[in-house]
Structures are given as structure tokens and as C-alpha cells.
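Worksheet for the structure shown next.
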Amino acid sequence: MRVEIWSDIACPWCYIGKARFEKGLAEFAHRDEVEVVHRSFELDPSRAKGDTALVIDMLAEKYGRSREEAASMEADVAANARAEGLGYRAEGRDHGSTFDIHRLLHLAKARGRQDELLTLAYRANFAEERSVFDDEVLIDLAVAAGLDADEARAVLADPGAYADDVRTDEREAAELGANAVPFFVLDRRYGISGGQPSEVFVQALERAWKDRPATALTTVGGDAAGCDTDGACEVPRS
């Protein structure tokens with residue numbers, strides 16, 4: 001069975017959702033027969049390379065909030081991340097274009113190291129004092145994931161490298177009706193939107209495994225927090 005996950009490095013609920021999905025997958029009896037493929041989805045595709053801003057400032061501007069209110073929003077998301085055992089810096093993170101990261105992830109996919117690079121990129125962006133919008137940081141992450149430094153550097157230097165792969169993923173997301181991430185698709189039968197609890201993923205995996213005949217995409221689970229195409233990330237209500 002194949003599980004495709006559309007996500008963006010800039011999306012905190014993708015970071016949290018990946019951890020919750022992996023917990024659910026660990027409980028699934030046929031987990032060794034599941035292929036997980038990560039797909040590209042840019043929350044802010046119009047943002048230019050090098051155009052970065054502090055996340056707190058970006059949230060304040062986007063939602064029309066004060067910096068204090070934006071910081072409170074980040075703190076709420078951080079609490080959800082930490083509840084999953086994830087590190088999360090609620091202050092000091094930056095926000096920028098993720099196009100180059102997605103291109104590098106496609107190189108990693110071609111080399112069989114996609115999940116390793118994605119995990120490291122999430123950790124660097126949300127938990128560590130490292131900017132994933134810096135090419136040298138990305139190259140360091142690529143090497144740590146098992147990629148060749150020169151090959152990673154060549155991809156970043158060529159704006160066309162793996163660009164079509166990123167755009168293809170994004171077109172497929174639109175065709176499937178995904179307008180927010182994370183978005184999980186199981187065998188092109190069932191769709192799960194948002195950072196759902198791990199038990200929802202267990203139920204969906206079991207259902208998709210048993211219900212083999214292909215049908216139209218069915219959404220599993222209710223609404224859950226995620227990030228939409230204008231970059232807005234929902235904060236859970238207490």
C-alpha cells in the first residue's frame with residue numbers, strides 16, 4: 001500500500017502530522033508493506049528566494065494581530081508539538097520560500113534518502129537554531145541525510161533542477177482537492193486532511209488495507225489543524 005503525504009517544511013502541522021502518522025503506522029499490522037512517499041506543496045509559492053521574515057512578524061501581519069498575540073499563537077502550536085515529543089522553538093524562527101527545499105527533497109527521493117532529509121529539515125526549522133532558507137544549511141542537512149554535497153550544491157545552483165517534479169506534485173494536489181496541508185492519500189482511495197490524532201491514521205490504514213477495490217477519493221477523519229494555501233496555519237482551540 002502506498003501513502004502519499006503532501007506537506008511543506010514551513011507548516012508546523014505538517015511537522016506534527018508526520019510524527020502522528022508515524023505513530024499510527026507503527027501500530028499498523030502491515031506497516032512493513034506500506035510505502036511512504038512525500039510530495040511537494042508550497043504554502044507561499046509567490047515568495048522569492050532570499051525574502052525571509054521572522055515567523056512572529058509574518059503571523060502578526062497575516063492575521064492582523066499584535067506581536068504578543070502572534071507569539072501566543074506560536075506557543076499554542078509549540079505545546080502541541082512538544083506533546084508529541086518534538087522540539088519546537090516558539091520564537092526566533094524565520095519564514096521564506098521553500099521551493100529549493102522541495103527540489104532538494106526530490107533529489108533525496110531519487111537517491112532513496114527522502115524521509116531522512118525531510119526529518120532533518122523539519123528538526124532544523126522547528127527545533128534548532130538553523131535556517132533552512134540558507135543554502136549552506138541545506139547542503140549540511142543533505143550530507144547528514146546521506147546525499148553527496150557536490151550533487152546537492154549543483155541542484156541548488158540550477159533553478160530548473162527538479163522544478164518540474166515540484167510543480168507536478170502541486171498540480172496533483174490540486175486535482176485531488178487538497179487546499180491545505182498536511183494531506184495524506186492512501187492508495188489514492190482515502191484522503192486525510194490535517195494533523196489528525198495517531199488513532200485516525202491507524203483506522204484509515206486498516207480501512208484502506210481491507211477495502212482494496214479502487215473508488216473515488218474519500219476523506220477519512222474530521223477536521224484537523226493544518227496550513228492552507230495562503231500560508232495560514234490553524235491554531236487549535238483550547
Side-chain angles (χ1 to χ4, degrees), residues 5-21 40-102 105 118-138 141 170 173-174 177-184 192-198 200 221-238:
I5 307 173
W6 275 264
S7 61
D8 193 6
I9 291 295
C11 166
W13 288 107
C14 297
Y15 175 49
I16 295 168
K18 183 176 185 291
R20 291 176 175 174
F21 168 76
S40 300
F41 191 106
E42 294 172 274
L43 289 172
D44 196 357
S46 64
R47 186 173 287 268
K49 180 181 176 69
D51 179 11
T52 61
L54 288 174
V55 168
I56 296 296
D57 293 337
M58 181 272 291
L59 290 173
E61 180 179 357
K62 180 177 293 294
Y63 292 106
R65 305 287 185 88
S66 68
R67 293 192 85 258
E68 290 74 18
E69 289 172 324
S72 178
M73 293 167 62
E74 269 287 273
D76 287 342
V77 178
N80 277 266
R82 290 166 186 156
E84 300 299 331
L86 300 171
Y88 197 101
R89 293 187 298 120
E91 297 182 7
R93 292 193 301 107
D94 54 0
H95 174 79
S97 169
T98 57
F99 186 60
D100 281 353
I101 304 171
H102 285 299
L105 283 165
L118 182 61
T119 299
L120 290 170
Y122 274 139
R123 185 183 305 158
N125 188 43
F126 291 106
E128 299 174 349
E129 297 286 344
R130 307 173 76 186
S131 174
V132 294
F133 309 106
D134 180 286
D135 282 359
E136 292 306 315
V137 171
L138 287 180
L141 293 173
E170 293 174 335
N179 54 17
V181 286
F183 187 64
F184 303 77
I192 306 173
S193 182
Q196 299 277 356
S198 60
V200 171
D223 293 335
C227 300
D228 63 26
T229 50
D230 70 357
C233 294
E234 181 181 349
V235 177
R237 297 176 181 176
S238 55

Smallest separation among heavy atoms of [X] and [Y], with atom names:
X: V181; Y: C11; result: O-SG, 3.7 Å
X: L141; Y: A121; result: CD1-CA, 4.0 Å
X: A10; Y: P12; result: O-CD, 3.3 Å
X: S97; Y: R47; result: CB-O, 3.4 Å

Apply side-chain contact (heavy atoms from CB on, under 4.5 Å) to residues F99 and K49 and explain how you reach the verdict. CA-CA 8 Å; F99 186 60; K49 180 181 176 69; over 6 Å; no

Within the 6.0 Å centroid threshold, strictly below: F21 and F184: yes

So does [Y] get a backbone contact from the side chain of [X], meaning a donor-acceptor N/O pair under 3.5 Å?
X: S66; Y: E69; result: yes
X: R89; Y: E128; result: yes
X: R20; Y: G195; result: yes

To the nearest 0.5 Å, what is the distance between [atom1] on [X] and [atom2] on [Y]?
X: K62; Y: H95; atom1: NZ; atom2: NE2; value: 7.0 Å
X: Y15; Y: L118; atom1: OH; atom2: CG; value: 11.0 Å
X: T119; Y: K18; atom1: OG1; atom2: NZ; value: 3.0 Å
X: W6; Y: F41; atom1: CH2; atom2: CZ; value: 10.5 Å
X: S7; Y: H102; atom1: OG; atom2: NE2; value: 6.5 Å
X: E91; Y: R67; atom1: CD; atom2: CZ; value: 8.0 Å

Hydrogens and angles aside, do T52 and D94 bring a side-chain donor and acceptor to less than 3.5 Å of each other?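 Checked: T52/D94 side chains show no N/O donor-acceptor pair below 3.5 Å.
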
Show your working on side-chain contact (heavy atoms from CB on, under 4.5 Å) between D135 and D100 and close with a plain yes or no. CA-CA 9 Å; D135 282 359; D100 281 353; 4.2 Å; yes

Below 30° counts as parallel, above 60° as perpendicular, anything between as tilted: where do the rings of F126 and Y88 land?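 Ring orientation, 0 to 90° scale: parallel.
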
Walk me through it: do D8 and D44 pass the test side-chain contact (heavy atoms from CB on, under 4.5 Å)? CA-CA 9 Å; D8 193 6; D44 196 357; over 6 Å; no

Would you call I9 and Y122 a side-chain contact if the rule is heavy atoms closer than 4.5 Å?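 A side-chain contact exists here, since the closest heavy-atom pair is under 4.5 Å.
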
Passes side-chain contact (heavy atoms from CB on, under 4.5 Å), F133 versus D51? Steps please. CA-CA 9 Å; F133 309 106; D51 179 11; over 6 Å; no

By side-chain contact (heavy atoms from CB on, under 4.5 Å), which residues pair with A71, not counting sequence neighbours?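 Per chain and number, A71 pairs via side-chain contact (heavy atoms from CB on, under 4.5 Å) with I56.
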
